[in-house]
Number of protein chains: 2
Amino acid sequence: MTRPRQTDLAVLGALSVEPMTGYRLRQEITETLGHFWHESFGQIYPSLARLEAEGFIVAQGGVKASSRVFSLTEAGEAELRRLLELPPESQQPRSALLLRIFFGANLPPGAIAQLLDDHEAQVREKLAQFAGIRANIDADPLAGRHRPYWLATVAAGESAARAQLEWVAQTRVLLGEQCAG
Amino acid sequence: MTRPRQTDLAVLGALSVEPMTGYRLRQEITETLGHFWHESFGQIYPSLARLEAEGFIVAQGGVKASSRVFSLTEAGEAELRRLLELPPESQQPRSALLLRIFFGANLPPGAIAQLLDDHEAQVREKLAQFAGIRANIDADPLAGRHRPYWLATVAAGESAARAQLEWVAQTRVLLGEQCAG
DNA sequence: GGGCACATGTAAGCTGTTACATGATTAA
DNA sequence: TTAATCATGTAACAGCTTACATGTGCCC
């Protein structure tokens, strides 16, 4: 039972919006999908090579050129639709923060407070980034029919972030009683 | 820059609550930490062997016995505290659902609706599980000083789940306009 | 005797990260 | 000319999953 290669889905999806190089692919994924998806070069280039060999993408600019712009073939568009319709298999959760909270009784109270403070700062930074991503999507002429879908993913991030801020506040009270009591 | 072995932290943490076998370790992690952490046997047994070799845990029941109950040594308690104080490094996010939503323009409208329906059902099931976990923690005599910390992690799950339900409802409206319009 | 839950472990293989190596292009 | 950015790739390795292999103890 091998897991589906999700990198292929991200790569094909990005190329369906606009043809681009592997380098820019990484940039776009980092900037626009960054809050819910991640790819490294070590994944992207092998994925591109594989997809090219399978005829799902073609390079404009030639093999020996220093810059290869990839775009989807018809087979690639079909493959993208096929992958999109597979049921989403979420990764197993691993929250380093919650693991530390769970065993927090082994830590001095100040350490827990620090964890919560740091987390809150990170979440607030994320919220600020979402505002920027939103602005980019609104201004992007390429967005077109994609726009509502893209905004929906930003909304998911914002919703999760706000929930985490509420949880932090609530948890300070819950665990603060411990420290004070 | 090797990533820290987070499995060791989960194993040491669990053994700090109560000595147990590798088999039960997996059970406890699945049942109680399941909503924010995951380990497989293939990780747990090598981790136990390594921690034993390093003197952080010892087995009662002897090497050849069919059931080896592990408990923390003093060095193991110190190691647990050390790992807990390392800054939490969260895994890179990878939401298969949001990836599909993002490229949703390539899918028929019904497929998106189906994704949202399935997701909502999963989240509601999770919420029901949280109620069960809460009840277990309240009833567990072993919880003791751990109780507020354990409840805080459950609260994090509940908070995230509620946010996702709100997002699903909101997204149905946002993307529904697309389908209808 | 059969089946189930408990229990331990290994091996193959995939996914993904990091560090390294290299070179082209462009702007100050 | 020098630095930054753009660009491509590889190799080593860590982390993790899955499937397999094996055995015990208990209850019906």
Side-chain angles (χ1 to χ4, degrees), chain A residues 1-11 14-15 18-31 33-34 36-53 57 59-70 83 89-96 99, chain B residues 1-11 14-15 18-31 33-34 37-53 57-70 83 89-96 99:
Chain A
M1 187 84 108
T2 54
R3 279 169 297 176
R5 257 188 280 269
Q6 309 241 50
T7 296
D8 288 1
L9 175 50
V11 168
L15 294 180
E18 190 191 8
M20 58 185 108
T21 65
Y23 186 88
R24 220 192 117 206
L25 203 46
R26 164 91 195 285
Q27 268 190 337
E28 295 290 328
I29 289 175
T30 301
E31 285 166 19
L33 279 59
F36 64 84
W37 201 261
H38 177 265
E39 296 292 348
S40 62
F41 282 127
Q43 286 285 103
I44 286 177
Y45 284 112
S47 174
L48 284 171
R50 200 170 48 238
L51 291 170
E52 190 184 22
I57 60 177
Q60 277 122 34
V63 175
K64 73 165 268 217
S66 66
S67 175
R68 309 214 299 144
V69 177
F70 290 95
L83 292 176
E89 282 188 43
S90 289
Q91 65 186 352
Q92 302 287 7
R94 284 207 141 186
S95 166
L99 192 62
Chain B
M1 186 85 108
T2 53
R3 279 171 296 178
R5 258 189 280 268
Q6 310 240 50
T7 296
D8 289 0
L9 175 50
V11 167
L15 293 180
E18 189 191 9
M20 58 185 111
T21 64
Y23 186 88
R24 221 193 115 203
L25 202 46
R26 164 92 195 286
Q27 269 189 336
E28 294 290 329
I29 289 176
T30 301
E31 284 166 20
L33 280 60
W37 201 262
H38 177 265
E39 296 293 348
S40 63
F41 282 127
Q43 286 286 105
I44 287 177
Y45 284 112
S47 175
L48 284 172
R50 199 170 50 236
L51 291 170
E52 190 183 22
I57 60 177
V58 283
Q60 278 120 33
V63 176
K64 73 166 268 219
S66 65
S67 175
R68 310 216 297 145
V69 177
F70 290 95
L83 293 176
E89 281 187 44
S90 289
Q91 66 185 352
Q92 302 288 5
R94 285 208 140 184
S95 165
L99 192 63

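Every chain is numbered from 1, with letters handed out A, B, ... down the list of sequences. The shown structure was predicted, so the numbers you read here are calculated from the model rather than taken from an experiment.
Between B:E28 atom CD and C:dC6 atom C1' there is a gap of 14 Å when expressed in whole angstrom units. One atom, CZ of A:R94, and another, C1' of D:dC16, lie 8 Å apart when rounded to the nearest Å. The separation between B:I44 atom CD1 and C:dG9 atom C1' is 12 Å, rounded to whole Å. As rounded to whole Å, 14 Å separates atom C1' of D:dG15 from atom CD of B:E89. What separates OH of B:Y45 from P of C:dA11 is a distance of 16 Å, to the nearest Å. Rounded to whole Å, atom P of C:dA12 lies 17 Å from atom CD of B:Q43. In this entry the distance linking CG of A:D8 with P of C:dC14 reads 14 Å, nearest Å. For the pair A:F41 CZ and C:dT17 P, the computed distance is 12 Å after rounding to whole Å.
Phosphate contact (OP1/OP2 of D:dC16, side-chain N/O of B:S40, threshold under 4.0 Å): absent. Residue A:S67 places no side-chain N or O under 4.0 Å from the OP1 or OP2 atom of D:dC6. Listed pair B:T7 / D:dC16 meets the phosphate criterion, a side-chain N or O lying under 4.0 Å from OP1 or OP2. Close to D:dC6, at under 4.0 Å from its OP1 or OP2, lies a side-chain N or O of A:Q27.
Taking every heavy atom of residues 18-26 of chain B and every atom of DNA chain C, pairs under 4.0 Å involve B:T21, B:G22, B:Y23, by number.
The two residues B:L48 and B:G22 have their closest heavy-atom pair at CD1-CA, 3.7 Å. Scanning all heavy atoms of the two residues, the minimum distance from B:S67 to B:T21 falls at OG-CG2, 3.5 Å. Here the shortest heavy-atom pairing between A:Y45 and A:Y23 reads OH-N, 3.5 Å.
To the nearest 0.5 Å, atoms CG (B:L9) and CH2 (B:W37) are separated by 6.5 Å. To the nearest 0.5 angstrom, A:L99 atom CG is 7.0 Å from B:Q6 atom CD.
Between B:F70 and A:E39, it is B:F70 whose nearest contact on DNA chain C lies nearer the 5' terminus.
The C1' atoms of five pairs define one axis at each end of the helix from C:dG1-D:dC28 to C:dA28-D:dT1, and these two axes lie 20° apart (to 10°).
For the pair B:R94 and A:F36, the cation does not sit on the ring face, since its NZ or CZ is not both under 6.0 Å from the ring centre and inside 45° of the axis.
A salt bridge does not link B:E31 with B:R26: none of the charged nitrogens is closer than 4.0 Å to a carboxylate oxygen.
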Run the side chain to side chain contact (heavy atoms under 4.5 Å, CB included) test on B:M20 and B:L15 for me, step by step, so that the C-alpha distance in whole Å, both residues' side-chain angles and the decisive distance to 0.1 Å come before the verdict. CA-CA 7 Å; B:M20 58 185 111; B:L15 293 180; 3.9 Å; yes

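Residues satisfying the salt bridge (Lys or Arg N to Asp or Glu O under 4.0 Å) criterion with B:E18, sequence neighbours excluded, are B:R24.
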